[in-house]
Amino acid sequence: MDCLFCSIANGTVPSTKIYENESVYAFADIDPQAPFHCIIIPKAHIDSAAAINKENSAVIAKIFEAAAEIAREQKLENGFRIVTNCGRDGGQTVGHLHFHMLAGRLLAWPPG
Ligand code: AMP
Ligand code: ZN
């Protein structure tokens, strides 16, 4: 299967690593929307948030454990936002489940 984020997770496509453990990989977004913007992914392919089920959902806890660890390592004391875009209307452009972690400026709410 030809998947950009699977290729990033297995090192075929280069990325700037921010965090890694056995099931999760985080890397710098190539087009950052905030002073800190990383993408957190499960290493195992899941299409999107709509494809989360009882069999694969344990990795979602791992992703949020990783996010809290990243926040400590990167000293994001003022807070951060985690977003997952799902499907066309959600603005998803890469078909491998991923979470944007944004920080370093005051983020508008609600999003556009
Ligand atoms: P989304 O639009 O929610 O699917 O998010 C995809 C994100 O992946 C965008 O923020 C892109 O800037 C980012 N992106 C695409 N290709 C790469 C890449 N090769 N390395 C790092 N980030 C990427
Ligand atoms: Zn994938």
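Every number for a ligand or one of its atoms is a count from 1 in the order of the listing.
In this structure the side chain of Gln92 never reaches within 4.5 angstrom of the side chain of Thr84, judged on heavy atoms. Side-chain contact between Asn56 and Leu97 is absent, with no heavy-atom pair separated by less than 4.5 Å. Taking the side chain as every heavy atom from C-beta outward, Ile41 and His96 approach each other to under 4.5 Å. Between Phe99 and Ile39, the closest side-chain pair of non-hydrogen atoms is not below 4.5 Å.
A side-chain donor-acceptor contact under 3.5 Å links Gln33 to the backbone of Asp31. A donor-acceptor pair is defined here as one N or O able to donate and one able to accept, closer than 3.5 Å; no such pair exists between the side chain of Ser15 and the backbone of Lys17. Looking at Arg105, its side chain never comes within 3.5 Å of a backbone N or O of Phe36 through a donor-acceptor pair.
Taking every non-hydrogen atom of Gly91 and a distance limit under 4.0 Å, the qualifying atoms of ligand 1 come out as 1 (P), 2 (O), 3 (O). Contact atoms of ligand 1 toward His100: 1 (P), 3 (O), 5 (O), 7 (C), 10 (O) (distance under 4.0 Å to a heavy atom of the residue). Atoms of ligand 1 found under 4.0 Å from any heavy atom of Phe27 (numbered from 1 in listed order, with element): 21 (C), 22 (N). The Asp31 neighbourhood of ligand 1 comprises atoms 12 (O), with distances under 4.0 Å to a heavy atom of that residue.
Under a 4.0 Å heavy-atom criterion, Ala28 is in contact with ligand 1. Residue Ser15 places every heavy atom at 4.0 Å or more from ligand 1.
In this structure, His98 and Phe5 have perpendicular ring planes: the angle between them is above 60°, well past the 30° mark.
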Self-check item: side chain to side chain contact (heavy atoms under 4.5 Å, CB included) evaluation trace for Arg81 with Val83
Solution: CA-CA 6 Å; Arg81 181 173 295 167; Val83 176; 3.7 Å; yes
Exercise. Output, in order, the C-alpha distance, side-chain angles, deciding distance and verdict of side chain to side chain contact (heavy atoms under 4.5 Å, CB included) for Phe80 and Met101.
Key: CA-CA 7 Å; Phe80 54 85; Met101 185 172 184; 3.8 Å; yes
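With salt bridges taken as basic N to acidic carboxylate O contacts below 4.0 Å, none links Glu22 and Lys43.
In Phe99, neither the side chain nor the backbone holds a heavy atom less than 4.0 Å from any atom of ligand 1. Contact annotation for Gln33 and ligand 1: no heavy atom of the residue comes within less than 4.0 Å of the ligand. With a 4.0 Å heavy-atom cut-off, ligand 1 is reached by no atom of Thr84. For Thr93, heavy-atom contacts with ligand 1 shorter than 4.0 Å involve the backbone as well as the side chain.
Considering Ile30, Leu97, Val94 only, the shortest heavy-atom separation from atom 20 (N) of ligand 1 involves Ile30.
The nearest N/O/S atom of His45 to the Zn ion (ligand 2) is ND1. Shortest distance from the Zn ion (ligand 2) to His96 is reached at ND1 (N/O/S atoms only).
Asp29 OD2, 2.5 Å is the protein heavy atom nearest to atom 10 (O) of ligand 1. In this structure, the protein non-hydrogen atom closest to atom 16 (N) of ligand 1 is Leu4 CD2, 3.4 Å. The closest protein non-hydrogen atom to atom 1 (P) of ligand 1 is His98 NE2, 3.1 Å. When hydrogens are left out, the protein atom nearest atom 8 (O) of ligand 1 is Phe5 CZ, 3.4 Å; that is the closest non-hydrogen contact.
Rounded to the nearest 10 degrees, the angle SG (Cys3) to the Zn ion (ligand 2) to SG (Cys6) equals 120°.
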